[in-house]
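These notes concern the structure reproduced below.
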Amino acid sequence: MDEALLRSLTPSVLTVLVRRGADFAAAEDAVQDALVEALRVWPADPPRDAKGWLVTVAWRKFLDATRSDLARRRREDRVEEEPAPGPSSSSDDTLQLYFLCAHPSLTPASAVALTLRAVGGLTTRQIAEAYLVPEATMAQRISRAKRTVSRVRFDRPGDVATVLRVLYLVFNEGYSGDVDLAAEAIRLTRQLAAAIDHPEVAGLLALMLLHHARRAARTASDGSLVPLAEQDRGRWDTASIAEGVVILQTALARDRLGEFQAQAAIAALHADAPTAGETDWVQIVEWYDELARLTDSPVVRLNRAVAVGEADGPRAGLAALAAVDSSLPRHTAVAAYLHERDGDLATAARLYAEAARLAPNLAERDHLTRQAARLNAGRGR
Amino acid sequence: MAKYLLLKHYRGAPAAVNDVPMDRWTPEEISAHIQYMRDFAERLEKTGEYVDGQALAPEGSWVRYDGEGRPPVTDGPFAETKDLIAGWMIIDVDSHERAVELAGELSAAPGAGGKPIHEWLEVRPFLAASPTTTDECHP
């Protein structure tokens with residue numbers, strides 16, 4: 001039973017139903033029913049044409065669900081209004097589904113859930129587990145999202161930036177439950193990159209691959225955070241890094257820089273260094289300057305201050321930091337680090353402790369608390 | 001999305017505006033209060049923002065390890081001065097503003113005289129479990 005195959009077929013089956021005039025929400029339900037049926041039937045009786053089988057069964061499920069005369073008449077009217085379906089590749093179909101699921105009328109949380117379900121083919125339970133909410137809550141979130149996009153016409157291309165934002169949200173969610181959302185985000189971004197020729201799609205894919213390549217080294221066996229400089233570079237996934245770098249270089253060669261490409265370039269420079277000490281911080285600062293031009297984001301300026309501290313020394317880093325809004329998350333952590341490098345251990349310890357109090361997640365809080373404790377040890381209580 | 005814990009207090013929160021002990025309400029007022037909270041939870045499930053909610057009994061004890069081979073110490077029922085949690089609800093929302101908005105709504109549950117209690121609710125963000133991808137960006 002090839003679940004990956006099933007999931008990869010989901011978006012194009014869904015699109016066929018919608019093209020035949022099925023309402024998006026009803027079509028999505030019918031496809032889910034067909035997937036359940038496939039899981040039941042295929043192990044004993046595998047079909048020759050998997051997609052054809054799914055389309056047939058899903059269409060039958062859809063007809064079953066909307067069998068009243070009224071519903072049929074409405075559907076037939078709608079099919080008549082639709083232009084005749086022309087030849088189109090399944091990758092184009094999938095692309096439209098991406099745009100629909102990331103539609104700006106949806107909240108980010110709904111867009112993420114709908115993308116995972118309709119494009120990714122995950123079950124509601126898997127998505128609920130990944131986001132640690134009850135299945136009933138996730139089911140409602142998805143059905144509201146489906147109702148919202150059912151009113152959206154399925155005919156014009158959407159905004160690539162919105163789709164990329166949704167995929168990056170999925171990637172950053174990490175994983176819990178039985179689905180690795182980072183791997184899932186990479187799979188979906190790969191699909192998108194195959195369907196659309198856009199340097200920022202390539203940039204995001206490269207960025208995800210480069211980050212993901214370091215995942216095994218990022219946490220110790222006890223779950224604690226390992227900072228970049230202390231990571232065992234032997235545990236980085238060199239194949240992913242190589243792939244990410246090639247994808248990035250191809251994208252950069254087209255000279256249409258965007259923020260994902262710039263971020264990926266920074267990640268690539270880190271991945272390229274054989275040791276932390278050999279990191280090309282000067283070039284990293286240059287990329288942060290590009291990023292700041294593209295986004296004008298205070299987070300970018302904060303990260304730039306760290307890079308400046310490495311390239312030109314902690315005093316220069318602190319000067320760059322002084323220009324960044326101090327209420328920003330991680331501002332205090334960066335200040336602590338730069339003060340420690342500058343030799344002011346008492347200030348660094350105090351700031352680490354304060355940064356721990358402000359940390360947005362457990363791993364970071366524990367890490368920063370340890371940094372404060374390390375500096376305080378031996379200084380008396 | 002981020003998760004928030006909304007805490008209701010028996011004791012320990014600042015006094016509510018409509019501060020009448022529940023045993024002085026009419027049975028209908030109590031039913032209306034409970035129904036309000038039930039409807040609230042149901043509505044949040046429909047918007048995809050509900051995670052969990054439970055009520056807690058007012059009785060509880062402090063418990064402490066008392067050394068190898070000895071039973072834990074308890075100090076008996078809570079003294080009058082201790083904070084006392086009455087119940088919680090966990091929500092999963094898009095922003096801190098939304099969490100505050102929902103807590104405000106929950107605080108408007110009807111009490112004595114059918115008027116909103118205006119009780120104080122505690123709103124606490126969850127610490128996320130997983131770090132994000134920005135490991136090269138912070139020390």
Side-chain angles (χ1 to χ4, degrees), chain A residues 107-110 112-113 131-134 136-145 171-176 182 207-208 211-212 214-215 218-219 225-229 231 266-267 270 279 284 299 302-303 306-307 330 333-334 336-338 340-341 355 359-365 367-368 371, chain B residues 1-8 34-56 87-106 121-139:
Chain A
T107 63
S110 299
V112 162
Y131 283 89
L132 301 173
V133 301
T137 294
M138 189 51 81
Q140 294 283 9
R141 208 179 273 178
I142 291 170
S143 68
R144 276 171 68 92
F171 181 76
N172 276 321
E173 205 57 46
Y175 72 108
S176 47
L207 179 63
M208 287 178 175
H211 275 317
H212 202 58
R214 297 202 296 254
R215 185 159 113 184
R218 193 177 293 138
T219 44
L225 205 67
V226 183
L228 184 61
Q231 285 174 17
I266 292 165
H270 285 298
T279 308
I284 287 175
V299 177
L302 178 66
N303 292 330
V306 178
R330 299 198 179 98
V334 170
Y337 175 72
L338 290 170
E340 183 186 354
R341 296 240 359 249
N361 67 58
L362 276 176
E364 259 181 66
R365 186 182 69 179
H367 172 73
L368 292 164
Q371 300 300 316
Chain B
M1 296 293 273
K3 292 189 180 64
Y4 288 84
L5 176 66
L6 310 186
L7 283 176
K8 275 173 95 77
I34 291 167
Q35 191 61 44
Y36 182 95
M37 296 202 295
R38 213 174 267 160
D39 293 347
F40 181 78
E42 201 172 298
R43 199 150 38 80
L44 289 195
E45 189 174 293
K46 290 212 177 89
T47 59
E49 294 174 308
Y50 179 80
V51 179
D52 192 19
Q54 296 288 331
L56 292 171
W88 77 75
M89 184 179 286
I90 300 171
I91 55 176
D92 187 15
V93 292
D94 271 325
S95 66
H96 181 255
E97 289 70 31
R98 177 65 177 158
V100 169
E101 182 187 339
L102 290 176
E105 253 179 68
L106 190 56
L121 294 174
E122 202 178 333
V123 179
R124 301 277 300 275
F126 276 55
L127 284 176
S130 56
T132 50
T133 53
T134 53
D135 60 352
E136 74 266 25
C137 299
H138 60 87

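In what follows, every chain begins at residue 1, and chains take the letters A, B, ... in the order their sequences are listed.
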Checklist line | Partner residues of B/Arg124 under the salt bridge (charged side-chain N to carboxylate O under 4.0 Å, His left out) criterion, sequence neighbours left out | finding: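 Checked B/Arg124 against salt bridge (charged side-chain N to carboxylate O under 4.0 Å, His left out); matches are B/Glu122.
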Next item on the list: Kindly compute the distance separating CD (A/Gln140) from CZ (B/Arg43), expressed to the nearest 0.5 Å.
Entry: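 Atom-to-atom, A/Gln140:CD and B/Arg43:CZ are 13.5 Å apart.
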Notebook entry, point to check: To the nearest 0.5 Å, how far apart are CG in B/Asp52 and CG in A/Leu132?
Noted result: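 Separation between the atoms: 12.5 Å.
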Notebook entry, point to check: Between A/Glu364 and B/Leu127, is any pair of side-chain heavy atoms under 4.5 Å apart?
Noted result: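 They are not in contact (no side-chain heavy atoms under 4.5 Å apart), so the answer is no.
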Notebook entry, point to check: For A/Val133 and B/Lys3, which heavy atoms make the closest approach, and how far apart are they?
Noted result: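 Shortest heavy-atom separation between A/Val133 and B/Lys3 comes out as CG1-CE, 4.0 Å.
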Item checked: Heavy-atom closest pair, residues A/Arg141 and B/Gly48 ->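 Shortest heavy-atom separation between A/Arg141 and B/Gly48 comes out as NH2-O, 2.6 Å.
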Margin query: Among residues at least two apart in sequence or on other chains, which ones pass side chain to side chain donor-acceptor pair (under 3.5 Å) with B/Asp39?
Written below: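 B/Asp39 satisfies side chain to side chain donor-acceptor pair (under 3.5 Å) with B/Gln35 only.
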Check: With sequence neighbours excluded, what pairs up with A/Ser110 under the side chain to side chain donor-acceptor pair (under 3.5 Å) test?
Finding: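 Testing A/Ser110 for side chain to side chain donor-acceptor pair (under 3.5 Å), a comparison that skips the adjacent residues, returns A/Thr107.
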Notebook entry, point to check: In residues 94-103 of chain B, which residues are in contact with chain A at a heavy-atom separation under 4.5 Å?
Noted result: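 Within residues 94-103 of chain B, the residues under 4.5 Å from chain A are B/Asp94.
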Next item on the list: Could you tell me which portion of A/Ala307 (side chain, backbone, both or neither) has an atom closer than 4.5 angstrom to a non-hydrogen atom of chain B?
Entry: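 Answer is neither: A/Ala307 stays 4.5 Å or more from chain B.
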Item checked: Which of A/Ala113, A/Pro108, A/Ser143, A/Ala109 touches chain B most, by non-hydrogen pairs under 4.5 Å ->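 Top count of heavy-atom pairs under 4.5 Å with chain B: A/Ala109.
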Notebook entry, point to check: Is a side-chain N or O of A/Thr137 found less than 3.5 angstrom from the main chain of B/Tyr50, in a donor-acceptor match?
Noted result: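 Indeed, once roles are kept as given, a pair shorter than 3.5 Å links the two residues.
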